[in-house]
Amino acid sequence: MTASFVRRLAVASLLYLASSKDGGGAAMADDGHGRGGGTHQQTGGQQKTPGKLRSLGEVALSERRYEEAARYYQQAIDLEPDVAANHYKLFKVRNRQRKLGEALRDLTRALELDDANVEYRKHKARLLVSLGQCDMAVQDYAALQAQAAQSSGGSVAVDWDEAQREALQCSREVDAAQRAYADGNWKAAVQYFTAALGHMEQASDLLFMKSQAEYNAGDYYGTVSDTGKILKAHSNHIEAYQLRGEAYFRLGEHDTAVTHFREGLKLDPEHKGCKAGHKAVKALQKKEKRANDALGGGNHEEAIGHWDAAIRLDPTHTAFIRPTLLNIAKSYSALGKHKEAIDTTNKHLEMGETLDGLFALGDAHTAAENFQDAVNTFRKAMEFEPNDRQKECQQRLQKAEIALKQSKEKNYYKILGVPRTAPSKDIKKAYRDLALRWHPDKVDQEEKEEAEKKFQDISEAYEVLSDKEMREKYDRGEPVFENQGGGHSHNPHGHQQFFRQFQHGGGGGGGGGG
């Protein structure tokens, strides 16, 4: 794609946008013309002359009754279509209204009728810069320069030097932006478009090219911002709806993306870009919903399968993939697949460190009883910048340090074979199963000594973890028994009595006798 081809695209886009806006302006002019009673306006049986209409227009303009002023000037044009001053006065109204496309049309006609008028041409050159047609503004300034030199018989100082330099600078920046765009040098294109647009007021064609460059450079927030400006000025710009929808999709804001694709499809139900974008988002949302439904039903394997399928739909959709990987990691941990949980979380962190990613990795290490790794990860989270969750970091680090300390002593969770997050019903079930397995009365004589030790530890672990207050103390790393000095000592007969109470409902464990 050559720079000249890109320029032709830009001009074509501008003409499209101007025509959509001019259509409304033309309708207003026609409407005003009609309400004026044809080409003549009668008051008390007397026809208004062009001079009288211009005078009325001046009064209306001075009082900021712009539409009324435009109607008077349009009626003057209908009576005297070849008088440049009529078109120039209408230009002034449109310029005040900031209807720059219409203003350019009126001023161009005035210049066609009075080609030597310096003031008209100066206004047109400035207007062309405001509309982003800087190369054409340069041509008008060159014509002004030649005209001034001819009238003075040589070089002469003029009052438009600064404006001419701005037009030249703008033209160079537009050319550089379009060349970078054509070469796929998106960051450079954004830089040059930004500089060029600083000279302009209404240049939706160039702003759209900048939005496309921002999208390709990965600046989706920039795309959203600039396409929003375009849609505010041109609510029927389908390509802007499509591009903005795609940017919202890349940001992970799927519902907003769908809304934009639907707005585009209202304008053209068969628009390929909006149809494809809408279909892609809905396909992903469908798989995501299936995953969430499976998770809500406690089916972690199924949820992981749906999340994986959603990721495969678009492996470049980072804003969706990153949080989804953390969901997958949590499900792996719930399934006891700790290696898979850790590996999945590390994939998230490879795309860039986040506090949520570090927390997830620390939790995965904790679930895997890699307590030292958990401590190291939470310490790293403490150093993460920026960090507005220092308190949460400190709490997680403290829990990991307690778990590490307890892992080197008597670890009640490990004794019962349950995770530190286990609910009370899982703790009761684990105790019942282990107590039945290691009850001294239910083992062979050669296992009796080992069974008594294990049975004592199992009962002690259940005594602590089944009691809410004792468990909270244990989780905080505080002593749970008075005069505790490295382990709780009960006689085995006491534990057997405790087990019998548990079997008969005293411990809330239900049946399951010997």
Side-chain angles (χ1 to χ4, degrees), residues 1-22 95 98 100-101 103-105 107-108 111 120-149 158-220 222-223 225-230 233-234 237 239-240 243 247:
M1 185 183 293
T2 65
S4 61
F5 177 68
V6 173
R7 283 195 292 274
R8 288 198 299 274
L9 281 177
V11 171
S13 178
L14 180 63
L15 290 172
Y16 163 76
L17 294 172
S19 67
S20 66
K21 199 164 186 179
D22 288 346
N95 196 46
R98 310 318 292 159
L100 300 189
L104 178 60
R105 180 191 61 197
L107 189 54
T108 299
L111 260 173
Y120 290 2
R121 197 169 296 280
K122 283 197 297 185
H123 279 300
K124 184 186 176 191
R126 284 194 289 268
L127 185 55
L128 285 167
V129 171
S130 294
L131 286 167
Q133 301 177 48
C134 300
D135 52 345
M136 296 178 69
V138 169
Q139 294 175 21
D140 271 323
Y141 281 120
L144 280 168
Q145 198 79 33
Q147 190 174 344
V158 295
D159 62 357
W160 58 79
D161 275 349
E162 186 176 344
Q164 185 175 16
R165 282 194 295 271
E166 182 182 12
L168 282 166
Q169 180 66 20
C170 175
S171 179
R172 293 188 189 105
E173 288 165 350
V174 170
D175 185 65
Q178 291 175 335
R179 287 182 183 278
Y181 183 97
D183 292 340
N185 189 348
W186 306 119
K187 289 185 178 179
V190 170
Q191 179 183 347
Y192 286 123
F193 276 126
T194 301
L197 286 162
H199 305 287
M200 306 167 193
E201 184 177 339
Q202 296 176 16
S204 293
D205 59 323
L206 297 178
L207 188 57
F208 185 67
M209 292 178 73
K210 181 195 171 193
S211 301
Q212 291 175 308
E214 286 169 328
Y215 180 87
N216 287 312
D219 181 8
Y220 305 123
T223 303
S225 175
D226 286 334
T227 50
K229 296 173 186 175
I230 294 170
H234 305 281
H237 197 308
E239 284 72 21
L243 186 58

Which atom of [X] lies closest to which atom of [Y], heavy atoms considered:
X: F193; Y: M209; result: CZ-CB, 3.6 Å
X: A137; Y: A167; result: CB-CB, 4.2 Å
X: M200; Y: C170; result: CE-SG, 3.5 Å
X: T223; Y: Y215; result: OG1-N, 3.1 Å
X: A177; Y: A189; result: O-CB, 3.9 Å
X: L131; Y: G101; result: CD2-N, 4.3 Å

Side chains of [X] and [Y]: does their closest heavy-atom pair fall under 4.5 Å?
X: R165; Y: Q169; answer: no
X: L197; Y: L207; answer: yes
X: S225; Y: K229; answer: yes
X: V190; Y: T194; answer: yes

Query raised in the report: Any salt bridge between R172 and D175, counting N to O under 4.0 Å?
Result: no
Query raised in the report: Among all residues two or more places apart in sequence or in another chain, which pass the side-chain hydrogen bond (donor to acceptor under 3.5 Å, both in side chains) test with K124?
Result: none
Say you draw a straight line from [atom1] of [X] to [atom2] of [Y]; how long is it, rounded to the nearest 0.5 Å?
X: E166; Y: D161; atom1: CD; atom2: CG; answer: 13.0 Å
X: Q133; Y: D205; atom1: CD; atom2: CG; answer: 8.0 Å
X: K122; Y: Q164; atom1: NZ; atom2: CD; answer: 12.0 Å
X: L168; Y: Y141; atom1: CG; atom2: OH; answer: 9.5 Å
X: L100; Y: E201; atom1: CG; atom2: CD; answer: 5.0 Å
X: T227; Y: H234; atom1: OG1; atom2: NE2; answer: 13.0 Å

Query raised in the report: Using the ring of each side chain (for Trp, its six-membered ring), is Y181 parallel, tilted or perpendicular to W186, with breaks at 30° and 60°?
Result: perpendicular
Report summary line: Between D140 and the options L128, V129, L127, the side-chain contact (heavy atoms from CB on, under 4.5 Å) test singles out L128
Query raised in the report: Is it true that atom OH of Y192 has more than 12 heavy atoms of other residues, nucleotides or ligands lying nearer than 6.0 Å?
Result: no
Query - Residue list, ring-ring contact (aromatic ring centres under 6.0 Å, His included) with H199, at least two apart or on another chain - result: none
Requested in this report: Give a yes or no on whether the backbone of R98 and the side-chain of Q202 come within a donor-acceptor separation of less than 3.5 Å.
Outcome: yes
